[in-house]
Amino acid sequence: MRQKKYILSEQELPTQWYNIQADMPNKPLPPLNPQTHQPMSADDLSHVFNKECSKQELDTEHAWIDIPEDVLEKYTFYRSTPLVRAYALEEALGTPAHIYFKNESTNPLGSHKINSAIPQCYYCKQEGDTNVTTETGAGQWGAALSYAAKLYGLEAAVYQVKITMQQKPYRSSIMRTFGATVEGSPSMSTRAGKNIITRDPHHPGSLGTAISEAVELATTTPGCKYTLGSVLNHVALHQTIIGLEAEKQMEMAGEYPDQVIACFGGGSNFGGIAFPFLRHNFTGERHTEFIAAEPESCPKLTRGKFEYDFGDEAGYTPLLPMYTLGHDFKPANIHAGGLRYHGAGMIISQLLKDGYLHGEDIPQLESFKAGMLFAQTEGIIPAPESCHAIAATIREALKAKEEGKEKVILFCLSGHGLIDMPSYDSFINGDLQNYSVSDEEIQQFLKDVPKVD
Ligand SMILES: Cc1ncc(COP(=O)(O)O)c(C=O)c1O
């Protein structure tokens, strides 16, 4: 069995990120101040985030942003990541589709999250900050941020969603190994955490609760900046290194994707692989289809509403224009912790509204079944989040088989699942289940979305 990999040399690595905001036919709406409902400036955002990321967040002019020399140097620790033709998976499916995956699991942290952790910590250091704080769902972002903080001599404090701390205990150990302090969210150490626990003593935590706690810490601690691993425009910007490399590697393979697929939490790995290809759809040069695979139990792209909403449970963040299930939506305890988020990033929300991409809902059991087949064919155990992208890819590959049509599918393998083995054990033992959410439940959560005229 062949397995074909495409790797770029150091000289071929992209030296700029792609800022899709500059090319979007309809720009994303601005984030709003939650009190005044006025658009927020980069200055306003820089009370919470570092200044450079605040600027990048609102930059709708410059399509190409230079990657700082120091960040490029750190990228060479693990980039380029391989683009792989998944012949074994194709054969197992008996599909005429050509399946490629961009393997972001090869760095020692295990996921794409390090691509944004490095620049965020670099800018904090440059601007004289001493501490960083963040939330983490599955723990992949927390692990990446803890390592990047250590690289730049910053102290890191991470709020990890309580339920995933129980599901994936080794991720907390990884963060601590890199020197970070880690606390389960909701915790009793912040006002936001105490309020959530008072309302619901058994709250399992969500990315929304952990974001509230980290933002509170950042805004009450001098020299401390909040960093985010998903959702925001500057995070997706940093992740475009994935798609820019993939574009060159697909060229080496002599193919161009008909479909680009990634799993979807807040949208950073999806945006990262999709945006560089999407720019050719804007010009009409290409007609690639973009599919964001989200969990059936957290269906913001397919069943959420486009509204201004908070990015967190407590309502500390700016109001963001996004497809949302309501900021206090309580996602089921699925094992893809990184996908348990109520909203979609602003750029992706606008692109979805404008018909450039679509969401696909994947039940938990289908995601693990797909992950098992991928592991057994390609020899890589995927993160439960990435299993959603694989499941959507398998659906498309089987459609191609039914239709007897050749097509080229590219998906993002956002991370490996080696720290997620208890989840695989539960699947193998038959202890996992699907969770769906009713229209009534969604309507109930959407009632708390703030009214913006
Ligand atoms: C491996 C992996 N993939 C995907 C995601 C989802 O995040 P995003 O939508 O920002 O890529 C996460 C988040 O924790 C993750 O750990």
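Ligands are counted one by one from 1 in listed order, and the atoms in each one are counted from 1 as well. The figures here come from the full heavy-atom set of this structure, side chains too, leaving out hydrogens, waters and symmetry mates. All residue numbers in this chain count up from 1 along the given sequence.
Remark: ligand 1 and Ala138 share no N or O pair separated by less than 3.5 Å (distance only, no angle test). At a 3.5 angstrom cut-off on N or O pairs, Glu385 does not count as close to ligand 1.
The shortest contact between atom 3 (N) of ligand 1 and any protein heavy atom is with Ser414 OG, 2.7 Å. Of all protein heavy atoms, the one closest to atom 10 (O) of ligand 1 is Ser230 OG, 2.5 Å. Looking only at heavy atoms of the protein, atom 9 (O) of ligand 1 is closest to Gly265 N, 2.7 Å. With hydrogens left out, the protein atom closest to atom 14 (O) of ligand 1 is Gly338 CA, 3.3 Å, a heavy atom.
Taking the centre of each ring, Tyr256 and Phe277 come in below the 6.0 Å mark. Between His234 and Phe49, the ring centre distance stays below 6.0 Å.
For the residue pair Gln364 / Asn434, no side-chain donor-acceptor distance below 3.5 Å is found, with atom types taken as modelled.
Atom NE2 of His280 sits about 10.0 Å away from atom CG of Asp23, to the nearest 0.5 Å. Separation of atoms NE2 (His388) and CD (Glu385) is listed at 8.0 Å; rounding is to 0.5 Å.
Using a 4.0 Å heavy-atom cutoff, Glu104 is absent from the residues neighbouring ligand 1. Residue contacts with ligand 1 leave out Gly137, since none of its heavy atoms falls under 4.0 Å from the ligand. Within the 4.0 Å heavy-atom cutoff, His112 counts among the residues contacting ligand 1.
The residues Glu90 and Arg85 are annotated as salt-bridged, a charged nitrogen and a carboxylate oxygen being separated by less than 4.0 angstrom.
Every residue two or more places apart in sequence or in another chain that forms a side chain to side chain contact (heavy atoms under 4.5 Å, CB included) with Thr302 is listed here: Glu294, Pro299, Asp361. Taking Phe101 as the reference, Phe374, Phe411 meet the ring-ring contact (aromatic ring centres under 6.0 Å, His included) condition, with sequence neighbours excluded.
Of all atoms in ligand 1, numbered sequentially from 1 with element shown, those under 4.0 Å from a heavy atom of Asn269 are 4 (C), 8 (P), 11 (O). The ligand atoms of ligand 1 that sit less than 4.0 angstrom from a heavy atom of Cys263 are 3 (N), 4 (C).
Distances from atom 12 (C) of ligand 1 to the heavy atoms of Glu294, Lys113, Gln140 put Lys113 nearest.
Contacts of Leu339 with ligand 1, taken as heavy-atom pairs under 4.0 Å, involve the side chain alone.
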